[in-house]
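Computation of the quantities below employed the complete heavy-atom set of this structure, encompassing side-chain atoms and omitting hydrogens, waters and symmetry-equivalent molecules. Not measured: the values here are computed from a predicted model. In listed order, ligands and their atoms are each counted from 1.
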Amino acid sequence: MERFLINGQKPLSGEVYISGAKNAAVAVIPAVVMASDVCVIDNLPNIEDIRSLKDAMENIGAKCEYLSEHSLSINPTAIKSYIATTDSVRNMRASYYLVGALLGRFKKAEVALPGGCNFGNRPIDQHLKGFKALGAKVSIENGIIKAYADELKGASIYLDVVSVGATVNIMLAAVFAEGITTIENAAKEPHIVDCANFLNMMGANIKGAGTDVIRIIGVEKLNGARYTIIPDQIEAGTYMIASAVTGGDVVVRNIIPKHMDPLSAKLSEMNCEIIEGDDYIRVKSNGNLISTNIKTRAYPGFPTDLQPQMTALLSVAEGTGVITENIWENRFQYIDELKRFGCNVTVEGRVAVVEGGAKITGATAKATDLRAGAALIICALAAKGQTIIENTRFIDRGYECIEHKLRNLGADITRVDKNGKISENTVLIQKVN
Ligand code: EPZ
């Protein structure tokens, strides 16, 4: 029931520190299920999805304890249950990684079908194909994924589509499979490399993560480990776009600049100045943006998770921009909300044509999913007058303290509760044990 109130047209400036990557953290935490000792995960983002996953881990018996706001100790030795069907599992996408991890540890898993952002059909056939190839019997009954194996044996698996989730899930299940598993046509996202690095640190034998062929040689045991999550590429990109849209000058710190190449290239084309350092990117914009075209692709292509934010940016650039969404069949649902600001976008199937130069004004709009919510914030920052953004819970799923970070950069943004009272950032309220 909380809302953001944003008064736009304030150029952002200063520095923003990027949190740990949500999509890496949600793969690394389930991997702990397979460890034989305590693991400590550092640089975890303090966001709703991580708290849901912690609940899901506790529900199967893991002992979790926050050592600090961003460090979680997880003791998996007391995990006895291979069944994860609680609401915390149903409400998020990445809980499906528990299938691979529980199957790896117990040779059996029962996990509720995942929820998460809704942008069309989100099949998991490639995950299931991988589990079957490793020797599991797999079925979906009453909304629960069931996987059972007498033993898991290495296999050669070719993914029909490049899938982040299937790549991670098969990698998890294959860690203890006897012999060699190869995943061909694997996804190459930085979060896949991060999860593989964590598994290897615990004693797994995984080679090739970050290329399209991953080779896993089965091992018998994983030890405990302490691991630091990589910075969030999508959060970083969102602040880079926020700087561009406000004619700002923002240094986005604690990032891996290479991960930002697809966006940096596009922002340069749009007339922004991009200055890269070892672990930061500075985005300077004089406000005179030129339109460009975007085609979303699996990494190292342009990320679909920055597509909505780019639509908002293109709306205020000069000229016409064409966005082609190649990953999700229905990821333009948020466009109707952008139109409330005066954005001029026409959608035809997987293509959106954005007529730039819109004189956008503040509006009341609803976040329909996580990145759609981020796109509304980008619009609101550029709009004349006040914006009210509803459904902030979607944004809290993936952005740590977004209003604090934006306010530090000079944005006029406040979170209010249903009575209009300035509200504590619920994201900051720790559930520290
Ligand atoms: C991950 O989702 C991310 N989520 C998404 O981030 C991101 O949009 C997506 O990858 C693409 O980059 C997490 O990492 C938790 P996929 P995932 O499997 O793994 C098709 C965000 O905002 N497919 O790579 O679910 C599928 O339909 C989000 O942070 C199959 O056909 O995506 C899609 O077209 C939301 N069969 C394509 O592959 C399968 O078995 C890519 O999906 C699996 C996928």
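The CD1 atom of Ile214 sits 5.0 Å away from the CD1 atom of Ile183 when rounded to the nearest 0.5 Å. The line from CZ of Arg93 to CG of Asn23 is 11.5 Å long, rounded to the nearest 0.5 Å.
Residue contacts with ligand 1: Tyr96 is included, with a non-hydrogen atom under 4.0 Å away. Heavy-atom separations between Met92 and ligand 1 are all 4.0 Å or longer. In this structure, Lys22 has a heavy atom closer than 4.0 Å to ligand 1. The closest approach between Pro123 and ligand 1 falls below 4.0 Å for a heavy atom of the residue.
Close N/O approach between Arg122 and ligand 1 is found [any backbone or side-chain N/O within under 3.5 Å].
A side chain to side chain contact (heavy atoms under 4.5 Å, CB included) with Lys22 is found for exactly one of Ile234, Leu370, Leu44, Ile229, namely Leu370.
Annotation for ligand 1: atoms under 4.0 Å from non-hydrogen atoms of Arg93 are 25 (O). Residue Thr304 has at least one heavy-atom neighbour below 4.0 Å for each of these atoms of ligand 1: 8 (O), 11 (C), 12 (O). Interface of Ile124 with ligand 1, defined as ligand atoms under 4.0 Å from a residue heavy atom, comprises 39 (C), 40 (O). Those atoms of ligand 1 that come under 4.0 Å of a heavy atom in His127, given as number and element, are 40 (O). For ligand 1 and Arg331, the ligand atoms under 4.0 Å from any heavy atom of the residue are 8 (O), 22 (O). Atoms of ligand 1 found under 4.0 Å from any heavy atom of Gly165, numbered from 1 in the order shown, are 18 (O), 19 (O).
Shortest non-hydrogen contact noted between Glu276 and Asp261 is OE2-OD1, 3.9 Å.
Checked by atom type, the side-chain pair Gln307/Tyr334 shows a donor-acceptor distance below 3.5 Å. Between the side chains of Ser291 and Thr320, no donor-acceptor pair is found at a separation under 3.5 Å.
With a 4.0 Å heavy-atom cut-off, ligand 1 is reached by the backbone of Ile327 and by its side chain too. Contact annotation: for Gln126 versus ligand 1, heavy atoms closer than 4.0 Å belong to both the backbone and the side chain. Residue Trp328 touches ligand 1 through its side chain alone, judged by heavy-atom distances below 4.0 Å. Using a 4.0 Å cut-off between heavy atoms, Asp305 contacts ligand 1 through its side chain alone, with no backbone atom that close. Contacts between Asp125 and ligand 1, counted as non-hydrogen atom pairs separated by less than 4.0 Å, involve both the backbone and the side chain. Looking at Gln233 against ligand 1, nothing comes within 4.0 Å, counting heavy atoms.
Heavy-atom proximity to atom 38 (O) of ligand 1, evaluated over Val164, Val26, Val161, is greatest for Val161. Summarising the contacts of atom 3 (C) of ligand 1 with Asn23, Ile192, Leu128, Leu159, the nearest heavy atom is found in Asn23.
The pair Arg331-Glu325 does not meet the salt-bridge criterion, since no charged nitrogen lies less than 4.0 angstrom from a carboxylate oxygen.
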Any chance you could lay out the side chain to side chain contact (heavy atoms under 4.5 Å, CB included) test for Leu199 and Tyr227, step after step, and finish with the verdict?
-> CA-CA 10 Å; Leu199 288 164; Tyr227 191 75; over 6 Å; no
Val26 and Ile50: side chain to side chain contact (heavy atoms under 4.5 Å, CB included), yes or no, with the steps?
-> CA-CA 7 Å; Val26 296; Ile50 297 303; 4.0 Å; yes
Test Leu263 against Phe302 for side chain to side chain contact (heavy atoms under 4.5 Å, CB included), laying out the working first.
-> CA-CA 7 Å; Leu263 176 63; Phe302 192 93; 4.0 Å; yes
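Applying the ring-ring contact (aromatic ring centres under 6.0 Å, His included) rule to Tyr96 yields the partners His127; only residues at least two apart in sequence or on another chain are considered. Judged as a side-chain contact (heavy atoms from CB on, under 4.5 Å), and not counting sequence neighbours, the contacts of Asn391 are Lys366, Ala367, Arg393, Phe394.
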